[in-house]
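Whatever order the structure lists them in is the order used to number ligands and atoms, beginning at 1.
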Amino acid sequence: MEKTPSYFVTREAPARISAMSRDTKLIVVVRDPVTRVISDYTQTLSKKPDIPSFESLTFKNRTTGLIDTSWSAIQIGIYAKHLDNWLQYFPMDQILFVSGERLISDPAGELGRVQDFLGLKRIITDKHFYFNQTKGFPCLKKAEGSSKPHCLGKTKGRTHPNINPEVVQRLRDFYRPFNMKFYQMTGRFFGWDD
Ligand SMILES: Nc1ncnc2c1ncn2[C@@H]1O[C@H](COP(=O)(O)OS(=O)(=O)O)[C@@H](OP(=O)(O)O)[C@H]1O
């Protein structure tokens, strides 16, 4: 097993992975692209506090509302476009899309889908998780090889800055058609659009 989020959006990755093994099973966690871009910005901001504001990176032209699609954080959320690239090399039944939202609200359910996809017995179930009120996320009751509970680290589940609701709405409008295409392609409704 090998993982990195950037594979999904790297043009050359499908050809290279297919050349290595055409039977590779691919698992991608996707979340609402609007929350994703804010999360991406939050992560960069935590490393480089001097970066421009979210708004100024989002728009090519603030007056017309033209989104700057050359900003990589915006590009990454156009899932249908990236999936198109993968489908040139892999059939849809070799790719599993995990809902980032469900992974938080129902981790065992989402991991059930992962285990089925991998042809594994459903070993990980509800009894492995508890909701940690302080962290605000599900955590493992016992970490592997330990008897202690385990939550993901501080860099997972950062507080996002408040973004102007108008900007959020503009991003929602921008992503909607791409999301619709993505739902059609995957046969799963992720529920990101109001
Ligand atoms: N159980 C649990 N605990 C903590 N965080 C959880 C969990 N499940 C999913 N998430 C979401 O994972 C997001 C961070 O994952 P990333 O892939 O963006 O992290 S990273 O880029 O590899 O650092 C992180 O995004 P942010 O909330 O934007 O920080 C979380 O929303």
**Message:** Could you go through Phe97 and Tyr79, starting from their C-alpha distance and side-chain angles, then the distance that decides it, and tell me whether this counts as ring-ring contact (aromatic ring centres under 6.0 Å, His included)?
**Reply:** CA-CA 11 Å; Phe97 286 94; Tyr79 303 137; 7.9 Å; no
**Request:** Flag yes if Val98 and Val28 sit in one hydrophobic cluster, no otherwise; membership is Ile, Leu, Val, Met, Phe, Trp, Tyr, and two members link when side-chain heavy atoms are under 4.5 Å apart.
**Result:** no
**Item:** Hydrophobic cluster membership, Ile104 vs Leu140, 4.5 Å side-chain cutoff
**Value:**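 Each belongs to a different hydrophobic cluster.
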**Asked** What atoms in ligand 1 come closer than 4.0 Å to a heavy atom of Ser39?
**Response**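 Close to Ser39: 25 (O), 26 (P), 28 (O).
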**Asked** Can you list the atoms of ligand 1 that are under 4.0 Å from a heavy atom of His160?
**Response**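 Those of ligand 1 that fall under 4.0 Å from His160 are 26 (P), 27 (O), 28 (O).
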**Prompt:** Do any N or O atoms from the side chain of Gln115 and from the backbone of Ile124 form a donor-acceptor pair under 3.5 angstrom?
**Reply:**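 Here the side-chain-to-backbone pair exists.
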**Lys135 N/O under 3.5 Å from ligand 1 N/O** =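 N/O-N/O distance under 3.5 Å: no.
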**Prompt:** Is Leu152 in polar range of ligand 1, meaning some N or O pair under 3.5 Å apart?
**Reply:**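 No; every N/O pair is 3.5 Å or more apart.
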Considering non-hydrogen atoms of the protein only, which is the closest contact for [atom], and what is the distance?
atom	answer
atom 24 (C) of ligand 1	Gly157 N, 3.5 Å
atom 7 (C) of ligand 1	Phe137 CD2, 3.6 Å
atom 22 (O) of ligand 1	Lys156 NZ, 2.8 Å
atom 13 (C) of ligand 1	Arg31 NH1, 4.1 Å
atom 21 (O) of ligand 1	Gln43 NE2, 3.3 Å

**Prompt:** Is Glu101 salt-bridged to Arg188, cutoff N-O under 4.0 Å?
**Reply:** no
**Message:** Under a 4.0 Å threshold between the charged nitrogen and the carboxylate oxygen, would Lys81 count as salt-bridged to Asp84?
**Reply:**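 The answer is no: the pair does not qualify as a salt bridge.
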**Request:** Can you see which heavy atom on Arg176 is nearest to which on Gln169, and at what distance?
**Result:** NH2-NE2, 4.0 Å
**Message:** Please find the pair of heavy atoms, one from Gly100 and one from Arg31, that lie closest to each other, and give the distance.
**Reply:**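 Heavy atoms only, the tightest pair is CA-CB, 4.4 Å.
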Check if [X] has a non-hydrogen atom at a distance under 4.0 Å from any atom of ligand 1.
X	result
Ile104	yes
Pro138	yes
Arg36	no

